[in-house]
Amino acid sequence: MSVRARFAPSPTGPVHIGNIRVAIFNWLYARHEGGRFLLRVEDTDRERSTPEALRVLLDALEWLGLDYDEPPLYQSTRIAAYQAAAKHLIRGGHAYRENKDGKGECVMFRMPGADIFYKDEIKGELHKRAEDLKDFLIVRSDGHAVFHLANVVDDIEMRVTLIMRGDDHVENTYRHVAMFRALGAEPPKYAHLPMIVNAQGKPYSKRDGDAFVGDFRDKGFLPQALFNYLTLLGWSPGDDREKLSREELINLFTLDRVKSGPAQVDLKKLLHLNGRYMAELPAETFVAGARRQLCACDWWRDVDDAYLRQVCALMQSRARIYPQVEEWKHFFFDAPDYEEKAVKKILGKGNDRALFGALKTRLESAAFTVEAVERALRAVETDLGLGHGHANQPVRVAVTGRSTGAGIAETLALLGKSRVLVRLDHALARLSG
RNA sequence: GCGCCCAUCGUCUAUCGGUCAGGACACCAGGUUUUCAUCCUGGUAAGCCGGGUUCGACUCCCGGUGGGCGCGCCA
């Protein structure tokens with residue numbers, strides 16, 4: 001029988017990276033096995049399920065490339081099936097009506113009274129004694145099915161062959177196994193994934209605002225980096241490889257390599273991985289991403305595409321994440337914002353006045369190619385008796401306002417003659433003031 | 001409280017009785033780029049504790065400790 005795995009979130013809020021990791025693992029498993037990856041939306045909690053949350057969920061799946069092979073099953077459309085299943089269980093003696101605490105009549109599932117065993121694909125052989133397995137509610141007194149009933153009925157309907165979910169569901173599994181049998185179905189395989197915890201080593205809570213998938217996208221992380229990183233939490237290929245393409249991951253992913261203890265998220269490692277993915281982005285993709293990010297800067301004003309492309313060519317290898325383009329302001333304005341730290345550290349020592357003056361003279365008559373700028377810089381150093389390369393940093397600060405950036409000759413050549421000259425004047429004015 | 005699960009550098013992990021316990025992030029030092037980033041080289045850093053079993057235990061067993069999860073007319 002071919003493999004069918006599912007992701008079954010309830011759209012009651014923003015999608016959490018812990019949840020999306022469950023989706024990724026299911027997707028990987030299904031793809032590895034050549035089976036199907038299914039989506040089921042558990043939207044029976046009408047109080048908390050919202051269309052907005054559903055949209056966020058679907059967006060997150062699409063962003064990460066988690067495509068599903070059949071139309072999603074919405075539990076809100078399955079009310080009749082749950083009621084039928086409950087009736088069926090009652091008829092078969094597996095469930096009974098009860099009026100607990102005078103709240104009205106509800107339906108309880110009758111546990112079989114025997115120990116229950118199942119083999120978890122990740123945690124191994126598990127079992128629970130009959131005396132620890134109490135009857136439990138499956139239909140509320142208002143007639144609505146609870147999670148357990150809906151979950152099992154739908155997993156039967158969807159012909160799911162393996163249920164992979166967070167290990168907070170381990171205890172539920174005994175009940176579900178019993179229900180599968182009572183419903184005349186063979187229980188599927190189960191695999192319970194360890195949780196992931198925040199940087200403090202604690203389970204993610206509502207307060208971890210940055211743990212939502214959408215936040216990672218907003219912060220400029222690449223989906224392939226987040227995808228790759230999340231697979232490394234609680235799983236490894238068994239060798240030293242870490243940066244793995246989607247295809248490699250599909251190929252390598254097996255449940256027997258999933259760890260069973262909780263793993264802590266390390267944003268620094270994610271950022272590092274992101275930088276590696278950024279570096280190998282096609283230039284066009286990087287330009288588009290950078291432009292999107294630049295548009296969000298309060299100082300941004302549109303520039304022509306060719307110029308932006310050149311800035312990107314210079315800066316792509318230096319960017320680990322898109323928001324760093326905010327440091328590119330000096331490429332787009334005539335007067336740089338001088339960074340005080342850089343000025344204090346680099347300018348004003350020695351004869352920067354003479355340096356900038358001499359450089360102006362040289363550059364005024366120079367063609368603004370990288371080579372010509374480089375020659376002018378070296379010539380000025382010689383003229384003033386400076387060591388080779390000693391003009392670079394003062395000039396960088398004078399022209400860009402910062403102490404870091406791309407190659408100095410490349411930067412000047414790109415900025416162009418008029419801007420560079422104006423900025424040297426600014427720097428000279430600063431030195432006088 | 002009861003039940004279950006887990007336990008290797010700060011973090012993610014490799015190891016399925018015999019390894020100088022390996023890799024990655026982070027950190028430190030050096031090199032390249034006289035900037036920065038990348039990159040390269042090197043370094044600091046780990047088997048929770050206590051008992052067994054064994055010629056030999058990170059690995060198997062037991063106990064302890066620590067952490068996680070579950071015990072809803074939530075999902």
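Just so it is clear: chains get the letters A, B, ... in the order the sequence lines come, proteins before strands, and each one is counted from 1.
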Salt-bridge contact A:Arg78-A:Glu42 (side-chain N to carboxylate O under 4.0 Å): no
d(NE2, A:His16; P, B:rA75) in whole Å: 19 Å
Of the listed nucleotides B:rA75, B:rU35, B:rC73, the one nearest the side chain of A:Gln393: B:rU35
B:rC2: pairing nucleotide in any strand, Watson-Crick or G-U under 3.5 angstrom: B:rG70
Pairing partner of B:rC36 (Watson-Crick or G-U wobble, both distances under 3.5 Å): none
Whole angstrom value for the distance that separates C1' of B:rC73 from CD1 of A:Ile138: 12 Å
Residue matched to B:rC48 through Watson-Crick or wobble contacts both under 3.5 angstrom: B:rG64
Listed partners of A:Arg55 passing side chain to side chain donor-acceptor pair (under 3.5 Å), at least two apart: A:Glu52, A:Asp59
P atoms of B:rA46 and B:rG10, separation to the nearest Å: 7 Å
Geometric cation-pi criterion, A:Arg21 with A:Phe25: 6.0 Å, 45°: yes
Separation of B:rC74 C1' from A:Asn172 CG (nearest whole Å): 11 Å
Protein-nucleotide distance (A:His176, atom NE2; B:rG70, atom C1'), rounded to Å: 12 Å
Donor + acceptor pair across side chains of A:His192, A:His169 (<3.5 Å): no
Residues A:Arg241, A:Asp239: salt bridge by 4.0 Å N-O rule: yes
Under-3.5 Å donor-acceptor pair between A:Asn151 side chain and B:rA75 base: no
Ion pair A:Glu125/A:Lys119, N-O distance below 4.0 Å: no
Distance, rounded to the nearest Å, where A:Leu412 contributes CG and B:rC36 contributes C1': 15 Å
Whole-Å gap separating C1' (B:rA37) and CG (A:Asn392): 16 Å
Pairing nucleotide - B:rA29, Watson-Crick or G-U, each distance under 3.5 Å: B:rU41
Nearest-angstrom distance from the residue atom NE2 of A:His272 to C1' of B:rG23: 13 Å
B/S/- contact track for nucleotides 3-14 of chain B, protein heavy atom under 4.0 Å: BSSS----SBSS
Separation of atom NE2 in A:His144 from atom C1' in B:rA75, rounded to whole Å: 15 Å
Under-4.0 Å side-chain N/O to phosphate OP1/OP2 contact, A:Arg276 with B:rA37: no
Cation-pi geometry met for A:Arg246 and A:Trp27 (6.0 Å, 45°): yes
N or O in side chain of A:Lys268 less than 4.0 angstrom from B:rA24 OP1/OP2: no
RNA chain B: 5'-proximal contact among A:Gly387 and A:Lys100 (nearest heavy atom): A:Gly387
Assigned partner base of B:rC20, Watson-Crick or wobble definition, under 3.5 Å: none
Aromatic A:Phe136 / basic A:Arg175 pairing, under 6.0 angstrom, 45° off normal: yes
